[in-house]
Structures are given as structure tokens and as C-alpha cells.
Amino acid sequence: FGNVERDKMTVGYLLDLFIINQVRKDELRDTIEADVRMDLNRQDGHLLKEIGKFLIEIADGERPGFFAKHKQYDKNIGEPQDDNIIEVIYKLYQRHKELWTLEDLRRDKNNSNKTRLDACDRVSVANKKRNDLVEMIDFIISRRLKESRKGRV
């Protein structure tokens, strides 16, 4: 999981990583090497397994389901609240597709400096919205699992 400790990870964070892999496979569909695709699929399996463990731990009250990020940047930018987890996950996928395109624009030395700088600014906005969606996923899951615990006999 890179530099992030397991204790500080959330289902939203794991879904974010899973979606990044999906976008990578989609965008590189025609050029990705078989061993890279196999590795990404293995990563997907590991992420899904961890998501399952996290959901059980949250449902059993053994793990918090939500960690506020307390980001101080781009306060006037954000995703509107949504309680439909499928919509939120789909929006997260769309944000990653957008980020992929913007990063391509930013890296392309054939583009004008203005185009590249505009892409950088838009990456910042898209990343803020992406973080909002990850937090929204965590909040929805945490709340629903907490509600399901209250209904147990």
C-alpha cells in the first residue's frame, strides 16, 4: 500500500486504488503487456480481499470507517453530497478518467505552456474532488454499517 499504514486506510482509499487500476487497464488497453495486466489483476484481487476485510472490521466495530482528511486547500471546490454509493463510486471512476487525460496534457511537451499550465490547475481541482468522493464513500459505508449494527439482535 505504499507509504500509507494499514491502520489509516479506509474502504474509500482501497476503492480509489482499485479504480486507478481499472482506468490504467482501460486507457492502456491496446498497449499493455500481458505480465503488467496480470500484475494489475493480482493487485485488484488483493484490494478486493482487503476491502472485504475492512468492511467486516467496520461492521463489527473493530475499525473506524471514516477518517476526515481536514484538507485546507481549494475550499470553494468540491463534489456535491450524494447518498447513492453507486453514483459516488461511478463519479470517482470519472474523476480518474479525467485525471488521466489531464496528466497526459500536462506531460506532453508538444502542448503550449498555457495548455500544460491549465492542465496542472485542473489536476488540482480534479484531485480535490476525487478526495471528496473518497471521503463520501467512507462516510456512506461507515454510516450504513453503523446503522446495521444498531439493528442487530
(Q) Strictly distance-based, threshold 3.5 Å: is any side-chain N or O of Ser148 a donor or acceptor partner for the main-chain N or O of Leu145? (A) yes

Q.
Listing request: all salt bridge (Lys or Arg N to Asp or Glu O under 4.0 Å) pairs with a residue in residues 28-38, at least two apart in sequence or in separate chains.
A. none

**Q.** Pairing of Glu98 and Lys129 as salt bridge, 4.0 angstrom limit
**A.** no

Q | Lys/Arg N to Asp/Glu carboxylate O, Arg143 vs Glu147, below 4.0 Å | A | yes

Would you be so kind as to tabulate the donor-acceptor pairs closer than 3.5 Å made by side chains of residues 14-28, with sequence neighbours excluded?
| residue | atom | partner | partner atom | Å |
| --- | --- | --- | --- | --- |
| Asp16 | OD1 | His96 | NE2 | 2.5 |
| Asp16 | OD1 | Arg130 | NE | 3.1 |
| Asp16 | OD2 | Arg130 | NE | 3.2 |
| Asp16 | OD2 | Arg130 | NH2 | 3.0 |
| Asn21 | OD1 | Arg24 | NH1 | 3.1 |
| Asn21 | ND2 | Gln43 | OE1 | 3.3 |
| Asn21 | ND2 | Asp44 | OD1 | 3.1 |
| Gln22 | NE2 | Phe18 | O | 3.2 |
| Gln22 | NE2 | Asp44 | OD1 | 3.1 |
| Gln22 | NE2 | Asp44 | OD2 | 2.9 |
| Lys25 | NZ | Asn41 | OD1 | 2.7 |
| Lys25 | NZ | Asp44 | OD2 | 2.4 |
| Asp26 | OD2 | Tyr93 | OH | 2.5 |
| Glu27 | OE2 | Lys97 | NZ | 2.9 |

Q.
Lys114: which residues meet the side-chain hydrogen bond (donor to acceptor under 3.5 Å, both in side chains) condition with it, sequence neighbours left out?
A. Asp118

(Q) As an exercise, state the distance from OH of Tyr13 to CG of Asn131, rounded to the nearest 0.5 Å. (A) 11.0 Å

Q | Single-linkage hydrophobic cluster Phe54~Ile56, side-chain heavy atoms < 4.5 angstrom | A | no

Q | Pair Arg106 + Glu103, salt bridge at N-O below 4.0 Å | A | yes

Q) Who else is in the cluster with Leu99 when I, L, V, M, F, W and Y are joined by side-chain contacts under 4.5 Å? A) Leu102, Leu105, Val123

Q | For Arg107, side-chain hydrogen bond (donor to acceptor under 3.5 Å, both in side chains) partners two or more places apart | A | Asp104

Q) Under the salt bridge (Lys or Arg N to Asp or Glu O under 4.0 Å) test, which residues partner Asp108, sequence neighbours left out? A) none

Q. Less than 4.5 Å apart, any side-chain heavy atom of Lys91 and any of Arg95?
A. no

